[in-house]
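Labels below follow one simple rule: chain letters A, B, ... track the order of the sequence lines, proteins then strands, and each chain is numbered from 1.
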Protein chains: 2
Amino acid sequence: MTGDSRRFAKRETIFAPGEADGDLPKLISGAVILYTLFEDGRRQVLDLAGPGDFLHFDLEGAVDHYAEALMPSEVAYIPGPALLQDTDGAAFMVEQMRDRLAIERRHLTLLSYKSAMDRLEAFVKLAADCLGHDGARVDLPLTRQQIADFTGLTLETVSRTFAQWERDAVLTKIEGQTYLMGAALAA
Amino acid sequence: MTGDSRRFAKRETIFAPGEADGDLPKLISGAVILYTLFEDGRRQVLDLAGPGDFLHFDLEGAVDHYAEALMPSEVAYIPGPALLQDTDGAAFMVEQMRDRLAIERRHLTLLSYKSAMDRLEAFVKLAADCLGHDGARVDLPLTRQQIADFTGLTLETVSRTFAQWERDAVLTKIEGQTYLMGAALAA
DNA sequence: CGCCTCGTTGATTGTACTCAATGGGAGTGG
DNA sequence: CCACTCCCATTGAGTACAATCAACGAGGCG
């Protein structure tokens with residue numbers, strides 16, 4: 001079930017729309033952001049992927065989004081058609097897709113919130129679940145712009161809200177991109 | 001591949017969270033809305049389903065959303081585990097899930113738009129694709145509140161935008177819930 | 001008729017967007 | 001080492017747009 005694998009540097013593009021060759025890219029380690037690009041240059045982040053997640057499920061058709069490494073990452077390429085031949089493999093793939101669907105729906109729910117704070121609270125929790133966290137410690141290897149593109153806000157609003165949270169000790173920057181979630185967020 | 005089937009009246013609940021029995025509900029005819037309910041009573045519409053769509057993919061685990069008929073609908077129950085045993089069946093299911101994922105991502109994109117008009121324009125197109133349309137004629141068997149819950153707006157904003165569109169002949173109400181999309185929307 | 005749900009329209013307010021300027025850190029080259 | 005640049009982040013001021021609160025209208029049904 002393991003196939004070829006490749007390593008990607010931070011900020012490197014793993015694939016772009018239109019590329020698909022029957023192999024399914026599965027993230028072994030690192031973190032990846034999936035997004036689409038509009039004509040006007042705006043980006044919409046579709047998903048975050050952590051170790052174990054598939055980056056797309058297109059066996060043959062054209063993928064319609066970009067994948068970019070948020071940190072040094074390793075990607076394995078699983079032969080898709082072979083996976084489907086096997087009953088256990090098919091069940092595994094269905095389970096993976098169901099998990100993705102559930103994540104997308106949490107993302108949908110996030111975007112339905114009308115206030116910036118509600119959205120960002122949901123974002124931090126979702127990112128923690130997608131990318132992994134150590135208790136109340138979370139890594140957010142995203143730029144403010146990427147967080148904005150994930151939450152449907154502007155980078156300024158994201159910046160202001162995080163600043164407010166730091167003042168209120170809801171979220172504390174430990175160092176770099178690692179934060180400590182306060183009681184209000186840890187739930 | 002066909003199993004039992006059941007008919008549901010308009011506004012009837014097809015299933016609620018927590019119910020799942022290994023059979024996959026597939027919509028034969030009609031239209032269905034999938035949504036979640038928050039503690040505060042707010043609803044978030046997750047998806048619209050038309051003929052041929054599965055209403056969930058949970059073989060055993062608990063479903064986490066509601067399904068409600070938007071019009072008289074018929075639902076077939078496909079034995080899920082049996083479907084997975086078969087190679088063609090598994091491929092079919094994977095394809096269905098991939099389509100759902102694509103729809104959810106369009107929905108995500110819709111919710112990332114900041115203006116009410118952009119969101120509702122994307123909504124009308126998405127609903128047309130999900131529920132079917134006859135050229136520029138589209139049926140929107142949703143209440144204003146349901147459209148609001150789909151787009152993350154309020155029912156007042158939806159009402160105002162539709163009124164504006166009727167004045168500008170962007171969207172014309174033919175009768176009841178059937179509308180005619182103008183050039184601006186037909187794209 | 002009275003009741004209820006759904007939809008429309010109006011007036012006001014608040015929040016996040018927009019435009020704009022400044023600050024800070026990483027990397028490069030003299 | 002310092003000057004320079006570039007990118008990302010922060011902060012400020014003003015504004016626009018949708019949310020909110022509220023009243024009213026239209027249709028369906030017992």
Side-chain angles (χ1 to χ4, degrees), chain A residues 9-12 33 38 40-45 68 70-72 110-124 139-168 171-179, chain B residues 9-12 33 35 38 40-45 68 70-71 110-124 139-168 171-179:
Chain A
K10 182 176 178 175
R11 321 212 111 235
E12 194 175 353
I33 191 169
F38 300 121
D40 61 7
R42 260 191 51 248
R43 283 160 192 246
Q44 169 59 29
V45 174
E68 183 185 310
L70 289 170
M71 55 172 73
L110 180 167
L111 286 171
S112 80
Y113 297 149
K114 299 192 202 309
S115 95
M117 265 190 45
D118 287 351
R119 283 198 202 180
L120 285 168
E121 183 181 328
F123 161 73
V124 172
D139 249 45
L140 298 179
L142 311 196
T143 66
R144 293 284 187 256
Q145 183 61 57
Q146 286 171 328
I147 297 175
D149 291 341
F150 190 103
T151 53
L153 302 167
T154 60
L155 106 193
E156 293 96 326
T157 301
V158 172
S159 186
R160 278 185 244 270
T161 306
F162 273 62
Q164 184 63 44
W165 278 350
E166 294 242 28
R167 280 191 289 275
D168 299 348
L171 198 68
T172 314
K173 182 183 278 182
I174 295 180
E175 58 103 13
Q177 60 204 18
T178 306
Y179 293 85
Chain B
K10 181 176 178 177
R11 319 213 112 234
E12 194 175 354
I33 191 169
Y35 64 90
F38 299 123
D40 61 7
R42 260 190 52 249
R43 283 160 193 246
Q44 169 59 30
V45 174
E68 182 185 310
L70 289 170
M71 54 173 72
L110 180 165
L111 286 172
S112 80
Y113 296 149
K114 299 191 202 310
S115 96
M117 266 191 43
D118 288 351
R119 284 198 201 180
L120 285 168
E121 182 180 330
F123 161 74
V124 173
D139 247 46
L140 298 178
L142 312 196
T143 65
R144 293 285 187 253
Q145 183 61 58
Q146 286 171 329
I147 297 175
D149 291 342
F150 190 103
T151 53
L153 302 167
T154 60
L155 104 192
E156 292 97 327
T157 301
V158 173
S159 186
R160 277 185 243 269
T161 305
F162 273 63
Q164 184 62 44
W165 278 350
E166 295 243 26
R167 279 191 291 274
D168 299 350
L171 198 67
T172 313
K173 181 184 278 182
I174 297 179
E175 57 103 15
Q177 60 204 17
T178 305
Y179 292 86

Quick note, Ser115(A) side chain, CB onward, closest among dT8(C), dA16(C), dC19(C) is dA16(C)
Residue Thr157(B), side-chain heavy atoms: nucleotide from dT8(C), dA19(D), dC21(D) that is nearest: dA19(D)
Rounded to whole Å, NZ of Lys173(B) lies from C1' of dG27(D) at a distance of 11 Å
What does Gly176(B) touch in the nucleic acid at a heavy-atom separation under 4.0 angstrom: a base, only the sugar-phosphate, or nothing? nothing
Out of dT8(C), dA9(D), dT18(C), which nucleotide sits closest to the side chain of Ser159(A)? dA9(D)
Out of dT8(C), dG12(D), dG10(C), whichever nucleotide has its closest atom nearest the side chain of Arg160(B): dG10(C)
Could you tell me whether the phosphate oxygens of dA16(C), OP1 or OP2, come under 4.0 Å of any side-chain nitrogen or oxygen in Thr154(A)? no
Keeping the roles fixed (side chain from Arg144(A), backbone from Leu155(A)), state whether a donor-acceptor pair exists under 3.5 Å. no
Does any N or O donor sit under 3.5 Å from an N or O acceptor when you compare the side chain of Gln146(A) with the base of dC8(D)? no
Without decimals, in angstroms, what is the distance between Gln177(B) CD and dC6(C) P? 14 Å
Look at the side chain of Leu153(A) and decide which nucleotide, out of dC17(C), dA9(D), dC21(D), has an atom nearest to it. dC17(C)
Mark yes or no for a side-chain to base donor-acceptor pair under 3.5 Å between Glu156(A) and dC19(C), with no hydrogen or angle criteria applied. yes
With respect to the side chain of Arg11(B), which nucleotide from dC6(C), dA22(D), dC17(C) is positioned closest? dC6(C)
How are the rings of Tyr179(A) and Phe162(A) set to each other: parallel, tilted or perpendicular (split at 30° and 60°)? perpendicular
Does the side chain of Thr143(A) get closer than 4.0 angstrom to OP1 or OP2 of dC8(D) through an N or O atom? no
Which atom names give the shortest non-hydrogen contact between Arg119(A) and Leu111(A), and what distance separates them? NH2-O, 3.6 Å
Would a distance-only check, ignoring hydrogens and angles, find a side-chain to backbone donor-acceptor pair under 3.5 Å from Asp139(A) to Pro141(A)? no
